[in-house]
Amino acid sequence: MFTVQSELNLAAEHECLIIGLFDQPQKFEGKLARIDEAFDGALTELVKNGDISAKPKAISKIHTFQKVGSKRFIFVGLGKEKEYTFDLLREALGAAFKQVQAAKMTEAAVYLDSLTADSLDSIDAAHAVTESFALATYQFEGYKEKSNEPEKKIEHLFVYGSETDAEEIKASLTVGYAYGMGTNSARTLVNLPGNMLTATDMAEYAKELGARYEFETEILEKEDMIKLGMGALLAVNQGSVEPPKMIVLKYQGKDEWEDVIGLVGKGITFDTGGYSIKPKDGIVGMKSDMGGAAAVLGAMEIIGELKPEQNVVAVIPSTDNMISGAALKPDDVITSMSGKTIEVLNTDAEGRLALADAVTYAKHHGANYLVDVATLTGGVIVALGTNTTGALTNNEALFEQILEASHEADEPVWQLPLFEKDKKRVRSSKIADLNNSPGREGHAIMGGAFVGEFAENTPWVHLDIAGTATTIQAYDLGPSGATGVMARTLALFVERFETLK
């Protein structure tokens, strides 16, 4: 997939050579001088005339007319060097790779040294190259009738970089690609229709992932859940003909099973809302209600590839939420695995019920820290829109580590407040320990507060991705549809995790 060469070889034949260009008075001095010399200074003239732009994320394609080995140059605008960031580079390269893919090229070369600056070395630039390559060229094939024309995609990248040891660059390319591909796996899971990704299908996927990376794998069947008293997840499953699954993957990166990070992902493969049924417009797209599970599985793929020195247990409660004569009803009272009883006021608040048993089971497996991720509430979209994930926590130090990872992944997170009065609303049932839907006010906070009742005193962060799990329009790093949000954030969090004091 990747070939690293220490010196730029302008005579080498490539379908294209991607070159970074900063917005500065002299465009082709230093690293780029050789390239301009090959064209007798003509590239400088093209910049002056506006045919090549250095504005941030501008893409300029120039045919070389056999003056060099590459058939064309693709210049990537990087803006002013003092404003240059890793995020800008990742998005700019994403735009470039999309053009390469659209042109049906099968290979490309990247001049890595042209992407570096005082603020960004070649190691970080290499990571950006492969992460953006994987993310930007992702496509969900879907189920349309296939054309007889053979599909062309980028199969190989040549990377020219002389500033750093080639082995270090190769390692960074590998890491960036792992982050991109783990996110793409999460995207594909979310994009799959509910009839093609049942709880059983998700469990099989998890088993394959476990076998690939030698994770310890456990799949609880309905009978196991009954024995363990997982009444919350079982209640959500009551109306379905599909059996529920509690999916567990364990990665041990330390000698002892201690300081265990628990990643819990909501795996509702389709959500009708149950008897609190969703309207006809709101029910379309509910195949994505397992976005939290997808994020956790994507993160586990990245963890499996990179093998950080951490201990992780991933727990995914999976079922669909359907309607039948046996389905859960408003006013029902159920008993969770923790022993806490729950008055069900809204069957469309089912995700928090599934998460309740999953959080308890993660603690059963020794989780010392908990992060749950879920497409939990429409309220978080009202509060924060579709670009920002909402968060709640009972431990600021743990949340700061999640926040730092989210900044690096460019997956914005905003903390919502959680006060004692919010917790009291969740505990306000007259006939049970908790109620699952205290009302519309502070909807996103109430959903997270409910899950927090099961985290109890364990350091915990809740991530509500209802607004960020999918997008209706294409962007520099991906198409419309599933985003795979939080897969990279969770993996970065695990990789950089520092034990809380």
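If you read the sequence from its start, that first residue is 1, and numbering goes on from there. All figures in this text were calculated on a predicted structure; none of them were measured in a lab.
Of the possible donor and acceptor atoms, one in the side chain of Asp464 sits under 3.5 Å from a partner among the backbone N and O of Leu376. In this structure a side-chain-to-backbone donor-acceptor pair under 3.5 Å is present from Thr483 to Ala469. Counting only distance, with no hydrogens or angles, the side chain of Asn191 and the backbone of Ala482 share a donor-acceptor pair below 3.5 Å. Looking only at distances, no side-chain donor or acceptor of Thr106 sits under 3.5 Å from a matching main-chain atom of Glu155. Remark: the backbone N or O of Glu13 is not paired with any side-chain donor or acceptor of Ser70 at under 3.5 angstrom. Side-chain atoms of Glu107 come within 3.5 Å of backbone atoms of Glu15 as a donor-acceptor pair (strictly under, hydrogens ignored). Side chain of Asn387 to backbone of Pro412: no donor-acceptor contact under 3.5 angstrom is found. Asp271 places no side-chain N or O within donor-acceptor distance of the main-chain N or O of Met286, the cut-off being under 3.5 Å. Of the possible polar contacts, none joining the Ser172 side chain to the Glu168 backbone as a donor-acceptor pair under 3.5 Å is found. Judged by distance alone, the side chain of Asp40 and the main-chain N or O of Ala42 form no donor-acceptor pair under 3.5 Å.
Using a 3.5 Å distance cut-off with no hydrogens or angles, the side chains of Thr375 and Asp289 do pair a donor with an acceptor. Side-chain atoms of Thr116 and Asp113 form no donor-acceptor pair, as typed in the model, at a separation below 3.5 Å. If you check the side chains of Thr188 and Tyr138, you find a donor sitting under 3.5 Å from an acceptor.
You'll find the side chain of Ile303 stays beyond 4.5 Å of the side chain of Leu490, heavy atoms only. Residues Thr377 and Arg352 are in side-chain contact: their nearest non-hydrogen atoms beyond the backbone lie under 4.5 Å apart. A heavy-atom distance below 4.5 Å is found between the side chains of Val248 and Val313. In this structure the side chain of Leu197 never reaches within 4.5 angstrom of the side chain of Tyr205, judged on heavy atoms. A heavy-atom distance below 4.5 Å is not found between the side chains of Thr64 and Ile62. Using a 4.5 Å heavy-atom threshold, the side chains of Met290 and Met202 count as touching. Counting heavy atoms from C-beta outward, Met196 and Lys287 have side chains that stay 4.5 Å or more apart. Residues Lys98 and Ile59 form no side-chain contact, since every pair of their non-hydrogen atoms from C-beta on lies 4.5 Å or further apart.
A pairwise comparison of heavy atoms in Ile154 and Leu157 identifies CG2-CD2, 4.5 Å as the closest pair. Across Val413 and Ala391, no two heavy atoms sit closer than the pair CG1-CB, 3.6 Å. Summarising the geometry of Glu131 relative to Tyr179, their closest heavy-atom pair is OE1-CB, 3.7 Å, with the distance given to 0.1 Å. Of all heavy-atom pairs spanning Leu416 and Leu392, the tightest one is O-CD2, 3.2 Å.
Comment: Lys55 engages Asp23 in a salt bridge, judged by a side-chain N to carboxylate O separation of less than 4.0 angstrom. Checked for salt-bridge contact, Lys170 and Glu167 meet the test: a charged N lies under 4.0 Å from a carboxylate O.
For the side chain to side chain contact (heavy atoms under 4.5 Å, CB included) with Val315, the lone residue among Lys250, Met246, Glu218, Lys363 that qualifies is Met246. Shown are Thr44, Leu8, Leu21; of these, the side chain to side chain contact (heavy atoms under 4.5 Å, CB included) with Leu32 is made only by Leu21. Here the rule is ring pair (Phe, Tyr, Trp, His ring centres under 6.0 Å) with Tyr369, and of Phe399, Trp460, Phe497 only Phe497 fits it.
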Q | Chi angles and distances behind the salt bridge (Lys or Arg N to Asp or Glu O under 4.0 Å) call for Asp372, Lys266 | A | CA-CA 8 Å; Asp372 80 85; Lys266 174 185 170 185; over 6 Å; no
**Q.** Derivation of the side-chain hydrogen bond (donor to acceptor under 3.5 Å, both in side chains) call for Gln252 and Glu216
**A.** CA-CA 9 Å; Gln252 186 166 346; Glu216 183 181 331; over 6 Å; no
(Q) side-chain hydrogen bond (donor to acceptor under 3.5 Å, both in side chains) for Thr468 and Thr389? Distances and angles first, verdict last. (A) CA-CA 6 Å; Thr468 53; Thr389 292; 2.9 Å; yes
Q: Would you check, one step at a time, whether the test salt bridge (Lys or Arg N to Asp or Glu O under 4.0 Å) holds for Glu204 with Lys207?
A: CA-CA 5 Å; Glu204 289 300 316; Lys207 283 196 279 188; 2.9 Å; yes
(Q) For a side-chain contact (heavy atoms from CB on, under 4.5 Å) check, start with the C-alpha distance between Ser119 and Thr85, then their side-chain angles and the critical distance, and finish with the verdict. (A) CA-CA 7 Å; Ser119 60; Thr85 65; over 6 Å; no
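Considering CG of Leu135 and OH of Tyr177, their distance stands at 10.5 Å, rounded to 0.5 Å. To the nearest 0.5 Å, the span separating OG on Ser185 from CG on Leu297 amounts to 9.0 Å. In this structure, NE2 on His156 lies 9.0 Å from NE2 on His14, to the nearest 0.5 angstrom. Summarising the geometry, atom CE belonging to Met105 is positioned 11.5 Å from atom CZ belonging to Phe97; distances are rounded to the nearest 0.5 Å. Lys71 contributes atom NZ, which lies 13.5 Å from atom CZ of Phe65 (distance to the nearest 0.5 angstrom). Separation of atoms OG1 (Thr499) and CG (Asp259) is listed at 3.5 Å; rounding is to 0.5 Å.
Remark: Lys254 NZ is packed, more than 12 non-hydrogen atoms of other residues, nucleotides or ligands lying under 6.0 Å away. Under a cut-off of 6.0 angstrom, the local environment of CD in Glu214 is sparse, with at most 12 non-hydrogen atoms contributed by other residues, nucleotides or ligands. For Asp51, the CG atom sits in a packed shell: over 12 heavy atoms of surrounding residues, nucleotides or ligands are nearer than 6.0 Å. Within a 6.0 Å sphere centred on CD of Glu404, heavy atoms belonging to other residues, nucleotides or ligands number 12 at most. Applying the 6.0 Å contact sphere to NZ of Lys146 captures more than 12 heavy atoms from other residues, nucleotides or ligands. Within 6.0 Å of atom CG in Asp255, 12 or fewer heavy atoms from other residues, nucleotides or ligands are found, so the atom counts as exposed in its surroundings. In Lys307, the NZ atom is crowded: over 12 heavy atoms of neighbouring residues, nucleotides or ligands sit closer than 6.0 Å.
With sequence neighbours left out, the side chain to side chain contact (heavy atoms under 4.5 Å, CB included) criterion links Thr489 to Ala405, Ser406, Ala409, Glu411, Met486.
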